[in-house]
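Below is one structure; the comments refer to it alone.
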Amino acid sequence: MTWTSYRRGYTEIVTSAGLEVVFEPGDEWNSHDREYQQARLEVEGRGESGDGTVRTRTQALLRWQFKIKDGTVKRLPEADFTREVLVAVRLAIKDYRSQSSELRQKYFGPGFAMGG
C-alpha cells in the first residue's frame with residue numbers, strides 16, 4: 001500500500017506538470033540508461049521514527065520492510081502509532097531520494113540531480 005500510494009501521488013504530480021511517467025525502460029533506452037535503471041532498483045532508503053519504535057527500509061520504493069519494537073502497538077494509541085510509522089516512511093523516502101539524486105548525478109551529471 002505504501003508503494004501504491006507513493007506511485008499514484010508521484011504520477012499525479014508529474015502528469016499535472018505535463019510530463020510523461022515511465023516506470024519501465026523501453027526499446028529506445030541505451031545500455032547506459034538500462035544500467036542506471038538497474039542501479040536505481042538497488043537503492044535502499046531507511047527511516048526511523050522519532051522515538052525509535054518504528055524502523056523501515058525500502059528498496060527502490062518497491063519493497064518495504066517494517067520493524068516495530070515489541071509492545072509498541074499495545075502501548076501507543078492508534079493515532080500515535082500511525083504518526084510514528086509516517087515519520088519512518090517519510091525519512092525512508094527522503095533517504096531514498098537523496099541516494100537517487102547522487103546516482104543520477106553519477107550517471108547523467110549534476111544537471112540531473114532532481115527527480116523521483
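From a predicted model like this one, the values you see are computed outputs, not experimental measurements.
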Any [X] side-chain heavy atom under 4.5 Å of [Y] side chain:
X	Y	result
T58	I93	no
T72	E84	no
Y36	K106	no

Taking the six-membered ring for Trp, are H32 and Y107 parallel (under 30°), tilted (30 to 60°) or perpendicular (over 60°)?
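If you compare the ring of H32 with that of Y107, the planes turn out tilted.
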List the steps, then state whether side-chain hydrogen bond (donor to acceptor under 3.5 Å, both in side chains) holds for Q37 with R40.
CA-CA 5 Å; Q37 287 298 326; R40 189 178 63 85; 2.8 Å; yes
Consider only side-chain heavy atoms of I, L, V, M, F, W and Y, link residues closer than 4.5 Å, and tell whether [X] and [Y] are in one cluster.
X	Y	value
L86	F81	no
L62	L103	yes
L61	L91	no
V89	V73	yes

Just how far is it from atom CG of D51 to atom CG of L76, taken to the nearest 0.5 Å?
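Answer for the CG-CG pair, D51 versus L76, is 6.5 Å.
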NZ-NZ distance between K67 and K69, expressed to the nearest 0.5 angstrom
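Result: 13.0 Å between the selected atoms.
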Under the side-chain hydrogen bond (donor to acceptor under 3.5 Å, both in side chains) test, residues paired with R57 that sit two or more places apart
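In terms of side-chain hydrogen bond (donor to acceptor under 3.5 Å, both in side chains), with neighbours along the sequence ignored, R57 is linked to Q65.
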Test side-chain hydrogen bond (donor to acceptor under 3.5 Å, both in side chains) applied to E78 - qualifying residues, sequence neighbours left out:
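Checked E78 against side-chain hydrogen bond (donor to acceptor under 3.5 Å, both in side chains); zero matches.
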Backbone N/O of [Y] and side chain of [X]: donor-acceptor pair under 3.5 Å:
X	Y	answer
Q99	G45	no
S101	R97	no
T11	R8	no

What are the two closest non-hydrogen atoms of [X] and [Y], and how far apart are they?
X	Y	value
A92	T56	CB-CG2, 3.7 Å
V87	S49	CG1-CA, 3.8 Å
R75	T53	NH2-CG2, 3.1 Å

